[in-house]
Amino acid sequence: MHIEIEREIHNLTLEAIIHGRRLAEEWLKVGCVPKGTTKHLIRETLEQLRERQGFNGVNDDFIEMMGNEIRRALNEYRDGIGDRAISGDVDTVWEQNNDVIKLVNLAWRWKEFRAAKRAVDDKLAAVRQTDLMFASVT
């Protein structure tokens with residue numbers, strides 16, 4: 001692999017690790033408790049992210065499941081606020097409830113992690129596809 005590509009993958013992975021750690025730390029501080037069968041799995045993954053142990057099992061579906069837990073927790077405070085926080089931005093300037101503000105910030109942190117993880121996955125997919133294309137030419 002070309003050294004520039006390796007550096008780019010390294011930098012993207014570093015960003016995803018940093019955002020994953022920050023998401024885990026904030027999630028555990030905020031106390032957004034997942035419900036149902038996902039509770040144990042999400043808590044294990046948050047510990048994995050906090051300890052910078054990689055992304056085993058953290059795919060797009062899992063990340064979306066995490067976002068749905070944040071959405072659910074926010075919607076319990078005010079109908080629709082979780083939907084808005086996950087799909088866009090919520091202005092918290094006039095918000096009086098500190099728990100809502102913390103969860104809106106957690107939703108923002110989740111979006112940052114999702115974008116960073118997708119960037120790594122996209123780059124790795126591009127490298128794999130390029131290798132396949134070059135192999136078919138020779």
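Bear in mind that the values here come from a model prediction, so they are computed numbers and not experimental data.
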(request) Show the numbers, then the answer: is there a side-chain contact (heavy atoms from CB on, under 4.5 Å) between Ile70 and Ile86? (result) CA-CA 8 Å; Ile70 297 168; Ile86 292 298; 4.2 Å; yes
(request) In plain terms, say whether Arg78 and Asp83 are close enough for a salt bridge, that is, a side-chain N and a carboxylate O under 4.0 Å apart. (result) no
(request) With salt bridge (charged side-chain N to carboxylate O under 4.0 Å, His left out) as the test, would you mind laying out the steps for Glu47 and Arg50 before giving the verdict? (result) CA-CA 5 Å; Glu47 287 297 328; Arg50 187 175 71 167; 2.7 Å; yes
(message) Can you give me the closest heavy-atom contact between Val104 and Thr92, atom names plus distance?
(response) CG1-CG2, 3.7 Å
(message) Is it true that Arg71 and Asn68 share a donor-acceptor pair across their side chains at a distance under 3.5 Å?
(response) yes
(request) Check whether any side-chain heavy atom of Trp108 sits under 4.5 Å from a side-chain heavy atom of Val90, and report yes or no. (result) no
(message) Under the side-chain contact (heavy atoms from CB on, under 4.5 Å) test against Arg114, which residue among Glu112, Arg118, Lys117 passes?
(response) Arg118
(request) Side-chain contact test, heavy atoms from C-beta onward, threshold under 4.5 Å: evaluate it for Leu103 versus Val30 and give yes or no. (result) yes
(request) Search all heavy atoms of Leu74 against all heavy atoms of Gly82 and return the closest pair with its distance. (result) CB-CA, 3.4 Å
(message) Is any side-chain heavy atom of Asn105 closer than 4.5 Å to one of Ile101?
(response) yes
(request) Work out which heavy atom in Ile42 is nearest to a heavy atom in Met65; give both atom names and the distance. (result) CG1-CE, 4.2 Å
(message) Are Phe113 and Leu46 linked, directly or through intermediate hydrophobic residues, by side-chain heavy-atom contacts shorter than 4.5 Å (ILVMFWY only)?
(response) yes
(message) Contact between Trp27 and Leu49 at the side-chain level, heavy atoms closer than 4.5 Å - yes or no?
(response) no
(message) Is it the case that the side chains of Glu44 and His40 hold a donor-acceptor pair, with the cut-off being a distance below 3.5 Å and no angle test?
(response) yes
(request) Could I get the full list of salt bridge (Lys or Arg N to Asp or Glu O under 4.0 Å) partners for Glu15, not counting sequence neighbours? (result) none
(message) Closer than 4.0 angstrom, basic N to acidic O: yes or no for Glu8 and Lys123?
(response) yes
(request) Please determine if Glu26 and Arg109 form a salt bridge, counting it only when a charged side-chain N lies under 4.0 Å from a carboxylate O. (result) yes
(message) Measuring only between side-chain heavy atoms, which start at C-beta, is Gln129 closer than 4.5 Å to Leu132?
(response) yes
(request) For the pair Glu25 and Arg21, find out whether any cationic side-chain nitrogen is under 4.0 Å from an anionic carboxylate oxygen. (result) yes
(request) Measure the shortest side-chain to side-chain distance between Asp121 and Phe55 over non-hydrogen atoms and say whether it is less than 4.5 angstrom. (result) no
(message) According to salt bridge (Lys or Arg N to Asp or Glu O under 4.0 Å), who are the partners of Lys39, at least two apart in sequence or on a separate chain?
(response) none
(message) Are Leu23 and Leu106 packed together at the side-chain level, in the sense that at least one heavy-atom pair is separated by less than 4.5 angstrom?
(response) yes
(request) Spell out, yes or no, whether Leu124 and Ile5 are grouped together once hydrophobic residues are joined by side-chain heavy atoms under 4.5 Å, including indirect joins. (result) yes
(message) With a 4.5 Å cut-off on side-chain heavy-atom distances among I, L, V, M, F, W and Y, is there a chain of contacts connecting Val58 to Leu14?
(response) no
(message) Would you say Val33 ends up clustered with Met66 if hydrophobic residues are merged whenever their side chains have heavy atoms under 4.5 Å apart, either directly or through other cluster members?
(response) no
(message) Between Glu69 (side chain only) and Cys32 (backbone N and O only), is there a donor and an acceptor less than 3.5 Å apart?
(response) no
(message) Using modelled atom types and a 3.5 Å cut-off, is there a donor and acceptor pairing between side-chain atoms of Glu95 and backbone atoms of Asn97?
(response) yes
(message) Between Ile18 and Trp110, is there shared hydrophobic-cluster membership here, with clusters defined by ILVMFWY side-chain heavy atoms closer than 4.5 Å?
(response) no
